[in-house]
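We count ligands from 1, going down the list as the structure has it; atoms in each ligand are counted the same way. Nothing fancy with the numbering, it's 1 onward along the sequence. Worth saying up front: this structure is predicted, and the values here are computed from it rather than measured. Heavy-atom basis, side chains included; hydrogens, waters and symmetry copies ignored.
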Amino acid sequence: MTALTDPNLSIVVPAYQEARGLAEGLRAIRAAAAETGLGVELIVVDDGSTDGTWAVIESLLAEMPELVALRLSRNFGKEGAIAAGLDSARGGACIVMDADLQHPPALVPEMVRRWQEGEWDVVEAVKAHRGRESVGRRMAARTYYRAAAWLTGYDLQDASDFKLIDRRVLDEWRRLGERATFFRGLVAWLGFSRTQIPFEVPPRADGGSRWSLAALGGLAVQAVTSFSALPLQLVTVFGLAMLLVALVVGAQALRLWFEGLALPGFTTVILLQLIIGGFLMISLGIIGTYLARIYEEVKGRPRYVIREVRRRSPQ
Ligand code: UDP
Ligand code: MG
């Protein structure tokens, strides 16, 4: 396989702390990509790893002429790494996949075949099962996806970042103005004609997921707040509900006062204080979350910062 200056297929692989499995992963991805017979560029984005991932990538440059190595200046998170890779992709189609072989490379030829049928702009690999995960994590994921689907109108359950997108989709993706991107959600938002291929998620060969629970939680909040303003409107709905309660309780309080029995309402007062206080705090939190999103976007900082680019073939 030779690296073309004008590749037909770009493969974007974000990698964070993957030093141990990366060489094996990239070789498998590369072998699978070769089966398509297309000119391939393999864009690996080192997301600020501190474990020697960059050294592994550099050592592979000689072996893989189609390798394009991007090194981010620090850890920007998977979304930032994907954005960096997509921005430099030049292929007629682009596949995004994980470095850890949890996105089986064997699917790559099949995805390309679907794309070549000419009918599909987005070929998504969807999880047939979620692989080996703890019960807690799985239940949390299910609850989250259900709530998010209700709030945003996009059902991302079983969706993954393992996707092929046509050049046209990629160009539209690049026009999206937001700083905080969410690849999976934005591809759904972009629309186009889409088809799906189910796949089994194999267990991670080395170590656990690179996502901390806090990072996952952050992504969950970001995913909802970038696709839906419904939580803000929920605040209004809560307020209206509280107003109804207030009318009823207020009428009762007045009646007690007129009947000269006003004192025994102490428990009611405490409860109302607590409930209203709780609602107010949650509402402020929701507003604060959106405010923070607006703040982040208004600053207009880049999605990622590239420290170094290495490629073997001349530009
Ligand atoms: N990843 C990244 N930056 C991060 C965290 C993860 O680029 O801050 C990459 C990681 O190297 C892998 C992919 O994103 O290629 C998915 O990560 P992981 O396998 O840890 O997540 P999971 O399989 O649980 O979705
Ligand atoms: Mg993984």
Measure N75 to ligand 1 on non-hydrogen atoms and call it side chain, backbone, both or neither using the 4.0 Å cut-off.
side chain
Can you tell me if CD on E259 sees more than 12 non-hydrogen neighbours from other groups inside 6.0 Å?
yes
For G77, the ligand 1 atoms with a heavy-atom partner under 4.0 Å come out as 3 (N), 8 (O)
Short version for Q102: what comes under 4.0 Å of ligand 1, heavy atoms counted, is side chain
Restricting to N, O or S atoms, which atom of D100 is closest to the Mg ion (ligand 2)?
OD2
If you measure from the Lys or Arg side-chain nitrogens to the Asp or Glu carboxylate oxygens, is any gap between K78 and D47 under 4.0 Å?
no
Going by the atom numbers of ligand 1, which of them fall below 4.0 Å from some non-hydrogen atom of D98?
13 (C), 15 (O), 16 (C), 23 (O)
Output yes when a side-chain donor or acceptor of S193 lies under 3.5 Å from a complementary backbone atom of E119, and no otherwise.
yes
Ligand 1 contact on D47 by region, counting heavy-atom pairs under 4.0 Å
side chain
Is the positively charged end of R303 above the ring of W173, judged by distance under 6.0 angstrom from the centroid and angle within 45° of the axis?
yes
Show me which atoms of ligand 1 lie under 4.0 Å from any heavy atom of E18.
10 (C), 11 (O), 12 (C), 15 (O)
Contacting atoms of ligand 1, where contact means under 4.0 angstrom from a heavy atom of A99:
15 (O)
When you compare ligand 1 with A81, is there at least one nitrogen or oxygen pair between them that comes in under 3.5 angstrom?
no
Under 3.5 Å, is there a donor-acceptor pair between the side chain of D100 and the main chain of Q102?
yes
Just checking, is any N or O donor in the side chain of Q17 or T53 under 3.5 Å from an acceptor N or O on the other one?
no
Can the ring centres of F238 and F279 be said to be less than 6.0 Å apart?
yes
